[in-house]
Amino acid sequence: MSSTTEPAQGRCGYVAIVGRPNVGKSTLLNHILGQKISITSRKPQTTRNNVVGIKTEGDVQIMFVDTPGMHLGQQKAINRYMNRAASTAVKDVDVVVFVVDRFIWTEEDEAVAEKLQHVSCPIILAVNKVDQIDDKETLLPHLEQLSQKLHAAEIVPLSALRNMNLDRLEQLIIARLPEGLHMYPEDQITDRSSRFMAAEIVREKITRQLGDELPYEMAVEIEEFKQEGAMLHISALILVERDGQKRILIGDKGERIKLIGTQARVDMEKLFELKIMLKLWVKVKSGWSDDERALRSLGYNDF
Ligand code: GDP
Ligand code: MG
């Protein structure tokens, strides 16, 4: 029997995940997508670029923008770039998810909240890491306080890491997306290039290995990305600021850079589903993080 009613139209739109560093934005994105798109770390400032993750389910498609943290009072070009990227990301989206770490409210959270005052789309406040709250009784009064402070459309307590209440967040997002057809093929999970993803993987392994030792004065540039048969050849150039950093990165008898390479290769083989031949080079390029032109030459020019 045929029906005369029009099929219900799907929904499709952009969602920005914002919040100060370390509240769990990348973790949230990865867990919603069920796949690793954005790198995470205990150290703040791991995410440098906006990464779009795409989630398609039936006739609903959500494009996520994972913004770099919004940083306060930092002068270097790399930080100015990151602030611009974060502010640009919230302009053209349909929903903003503002992530906070339980009820910790710092001046960085306050600064993010201020930037969001000029946003016209609905804001959903995601109170993350509730798995770390022992006394659940304290939850409600705090939620009420937060809701008064911000003009959030909804407040959702959740745990990105433990997959708690993520369904609820998704429902609230979807309800606020415009109607529309898919913009990307169903199986596409990011619109970032393979080169970009390869560079992100190398950067993540370095950050995991070195954390405190090597500050965020490091960039990864993919120089070669070439498939030959079932083998993908990737060469990555790691740029650091000083000789000392190069020495730390290479490690005793090259052991550290070897480990970084091995770990990166394993992740790349999973992601690209090919055998990977990975070469890593380390080069000192003094002052790059404070040089707008150098930044552009490294690809930080999306905005
Ligand atoms: P981002 O800087 O906002 O992108 O934060 P990340 O996603 O990199 O997470 C920062 C740290 O918080 C990492 O060590 C995560 O494992 C941790 N984290 C994220 N979500 C949760 C959560 O729901 N519960 C707990 N206990 N830790 C979390
Ligand atoms: Mg992040």
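It should be emphasised that the depicted structure is a prediction, and the values quoted were computed from it without experimental measurement. Counting convention: from 1, in listed order, for ligands and their atoms alike.
Counting heavy atoms under 4.0 Å from ligand 1, residue Asp131 touches it through the side chain alone. For Val99, no heavy-atom contact with ligand 1 is shorter than 4.0 Å. Residue contacts with ligand 1 for Lys129 involve both N, CA, C or O and side-chain atoms from C-beta outward (heavy atoms, distance under 4.0 Å).
Comparing Leu161, Asn30, Leu166, Val127 by heavy-atom distance to atom 27 (N) of ligand 1, the nearest is Leu161. In this comparison of Ala160, Ser26, Gly24, the heavy atom closest to atom 4 (O) of ligand 1 sits on Ser26.
Residue contacts with ligand 1 include Pro21, since one of its heavy atoms falls under 4.0 Å from the ligand.
With hydrogens and angles left out, the side-chain atoms of Thr27 and Asn30 include no donor and acceptor closer than 3.5 Å. Donor-acceptor pairing under 3.5 Å is recorded for the side chains of Gln61 and Thr56.
In the hydrophobic clustering of ILVMFWY residues, with side-chain heavy atoms under 4.5 Å counting as a link, Val284 and Ile238 come out together.
Checked against the 6.0 Å centroid criterion, the rings of Phe196 and Phe225 do not qualify as a close aromatic pair.
Taking the charged nitrogens against the carboxylate oxygens, Glu255 and Lys258 have no contact shorter than 4.0 Å, which rules out a salt bridge. One finds a salt bridge joining Glu57 and Lys55 here, because a Lys/Arg side-chain nitrogen approaches an Asp/Glu carboxylate oxygen to under 4.0 Å. Taking a cutoff of 4.0 Å between a charged side-chain nitrogen and a carboxylate oxygen, Glu224 and Lys279 do not qualify as a salt bridge.
Remark: ligand 1 and Thr27 share an N or O pair separated by less than 3.5 Å (distance only, no angle test). Ligand 1 has no N or O atom lying under 3.5 Å from any N or O atom of Leu158, backbone or side chain.
Close contacts between ligand 1 and Ser159 involve ligand atoms 22 (C), 23 (O), 24 (N) [criterion: under 4.0 Å to a heavy atom].
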